[in-house]
Amino acid sequence: MNALAQFAAPAVDVTPEGSDYETVRRVIEMITLDYRDQPSLETIAAEIGQSPTQLQKLFTRWAGLSPKAFLQAVTIDHAKRLLGTEGLPLLETSYEVGLSGPGRLHDLFVTHEAMSPGEWKAKGGGLTIRYGFHPSPFGIALVMATDRGLSGLAFADEGREQEALDDMTRRWPNATYVEDKAATEPYVGRVFDRSKWLCDRPLRVVLIGTDFQMRVWQSLLKIPYGKAITYSDVANDIGQPTASRAVGAAVGANPISFVVPCHRAVAKNGALTGYHWGLTRKRAMLGWETGGA
């Protein structure tokens, strides 16, 4: 049975309401700009054009958090808490408590394989990659898969789907691309529905990148749900402590966003630095995970 066939059951749309992420996005942008003023629920609701009660219900439905708790979840102070205060670096601690064994790379339970160097050099030549656009908790998701597993996950705002597709197809220009929403839809539920994160049913992903990128992405897969690490932590973990800048570039090139949790990589001071699919989306992911932790 191939990787696409094993998820034959129809996926459930895990986005509670179509407009939820757009509202969340606007609120995150607002509280980011006005963070020092600590805007009240009433102020935020008036700006968004909803009643405080509506906004409270939306956030509770979407993230399991009130807007106030969500605001706290996307601050630098919270990011610093995610980094932890233990003496050991987080990745080393993960090994100590058994979070990084092959059966538990992180709470989404991922099993991964890498394309061979020859396949990478062929830039996708000989590969058939099926893709589809789907609703998700973080806007429109572009899901890509080979017969060996999930190979790409990108995000787009409404009307900018083609930009996301062009971005992803440039990475493997010699592959054959087939739009096949029916083939990619089952992955949406597997990725975004927490009830399907089962250790006895891991999500199969296939990593397509250089050897260095592969090592960085494998390091990211060790980050436990609800935690964060710094780019220098990753550099140390892969045995190249002076390569933080190159690590940052590899993190930015991650083709399977959210699943390979590059959104959990932050600056040394806890600042939420850039994210390929938008810093607002990175904040949304961290807040959503906080609500489900």
Side-chain angles (χ1 to χ4, degrees), residues 13-35 44 48 55 58-59 61-65 67 69-76 78-79 82 106 108 131-144 150 152-168 171 184 187-188 191-194 217 220 223 225-229 231 248-267 270-293:
D13 176 7
V14 295
T15 309
E17 299 287 345
S19 61
D20 278 5
Y21 178 70
E22 176 59 24
T23 301
V24 168
R25 181 188 65 78
R26 291 176 62 197
V27 171
I28 294 172
E29 290 178 349
M30 179 181 175
I31 62 180
T32 300
L33 291 173
D34 299 339
Y35 170 66
I44 296 172
I48 298 300
L55 190 60
L58 183 151
F59 263 81
R61 179 175 65 235
W62 183 83
L65 295 171
F70 190 89
L71 172 60
Q72 293 169 345
V74 297
T75 63
I76 287 180
H78 179 72
L82 291 181
H106 65 102
L108 183 52
Y131 70 91
F133 291 96
H134 305 271
S136 85
F138 311 111
I140 298 167
L142 169 59
V143 180
M144 311 182 88
L150 181 69
L153 179 57
F155 295 95
D157 294 325
E158 190 171 353
R160 304 186 68 175
E161 294 90 341
Q162 189 61 46
E163 291 178 31
L165 181 60
D166 291 345
D167 183 304
M168 296 296 284
R171 302 168 189 234
T184 55
Y187 284 98
V188 179
V191 170
F192 298 114
D193 184 349
R194 295 183 183 104
W217 300 337
L220 293 175
I223 310 171
Y225 187 85
K227 296 291 185 180
I229 61 168
Y231 299 105
V251 169
N254 168 30
I256 314 180
S257 297
F258 188 76
V259 173
V260 177
C262 52
H263 60 284
R264 297 178 193 159
V266 301
L272 304 184
T273 50
Y275 184 64
H276 190 77
W277 305 111
L279 191 54
T280 295
R281 192 167 272 111
K282 179 173 183 173
R283 290 190 173 97
M285 289 176 178
L286 291 171
W288 188 83
E289 290 185 339
T290 299

Inset, instruction - Evaluate the side chain to side chain contact (heavy atoms under 4.5 Å, CB included) criterion for residues Thr280 and Val24: first the C-alpha distance (whole Å), next the side-chain angles of each, then the deciding distance (0.1 Å), finally the verdict. - result: CA-CA 9 Å; Thr280 295; Val24 168; over 6 Å; no
Sequence-distant partners of [X], side-chain contact (heavy atoms from CB on, under 4.5 Å), two or more places apart:
X	result
Ile48	Thr23, Arg26, Val27, Ile44, Gln50
Ala156	Ala164
His134	Val143, Lys181, Thr184, Glu185, Val188

Legend entry - Side-chain heavy atoms of Met168 within contact of Tyr131, under 4.5 Å: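 A side-chain contact is absent here, since even the closest heavy-atom pair is not under 4.5 Å.
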Legend entry - Gap separating the NE2 atom of His263 from the CZ atom of Arg283, nearest 0.5 angstrom: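 Between atom NE2 of His263 and atom CZ of Arg283 there are 14.0 Å.
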Inset, instruction - Any chance you could measure Phe155, atom CZ, to Leu142, atom CG, to the nearest 0.5 Å? - result: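 Phe155 CZ to Leu142 CG: 9.5 Å, rounded to 0.5 Å.
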Inset, instruction - Report the residues that fulfil salt bridge (Lys or Arg N to Asp or Glu O under 4.0 Å) with Glu163, sequence neighbours left out, ordered by chain and then residue number. - result: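 Once residues adjacent in sequence are excluded, the partners of Glu163 under the salt bridge (Lys or Arg N to Asp or Glu O under 4.0 Å) criterion are Arg160.
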So, using side chain to side chain donor-acceptor pair (under 3.5 Å) as the criterion, who are the partners of [X] when residues are at least two apart?
X	value
Trp277	Ser257
Tyr231	Thr273
Gln162	Asp166

Inset, instruction - Please state whether the rings of Phe138 and Trp288 are parallel, tilted or perpendicular, taking 30° and 60° as the class boundaries. - result: perpendicular
Legend entry - Worked check of side chain to side chain contact (heavy atoms under 4.5 Å, CB included) between Arg264 and Leu220: CA-CA 8 Å; Arg264 297 178 193 159; Leu220 293 175; over 6 Å; no
Legend entry - Backbone of Ala253 reached by a side-chain donor or acceptor of Trp217 within 3.5 Å: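 No, Trp217 side chain to Ala253 backbone: no donor-acceptor pair under 3.5 Å.
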Inset, instruction - Return yes if some donor-acceptor pair links the side-chain N/O of Glu289 with the main-chain N/O of Gly287 below 3.5 Å, else return no. - result: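 Checking the backbone N and O of Gly287 against the side chain of Glu289, no donor-acceptor pair under 3.5 Å is found.
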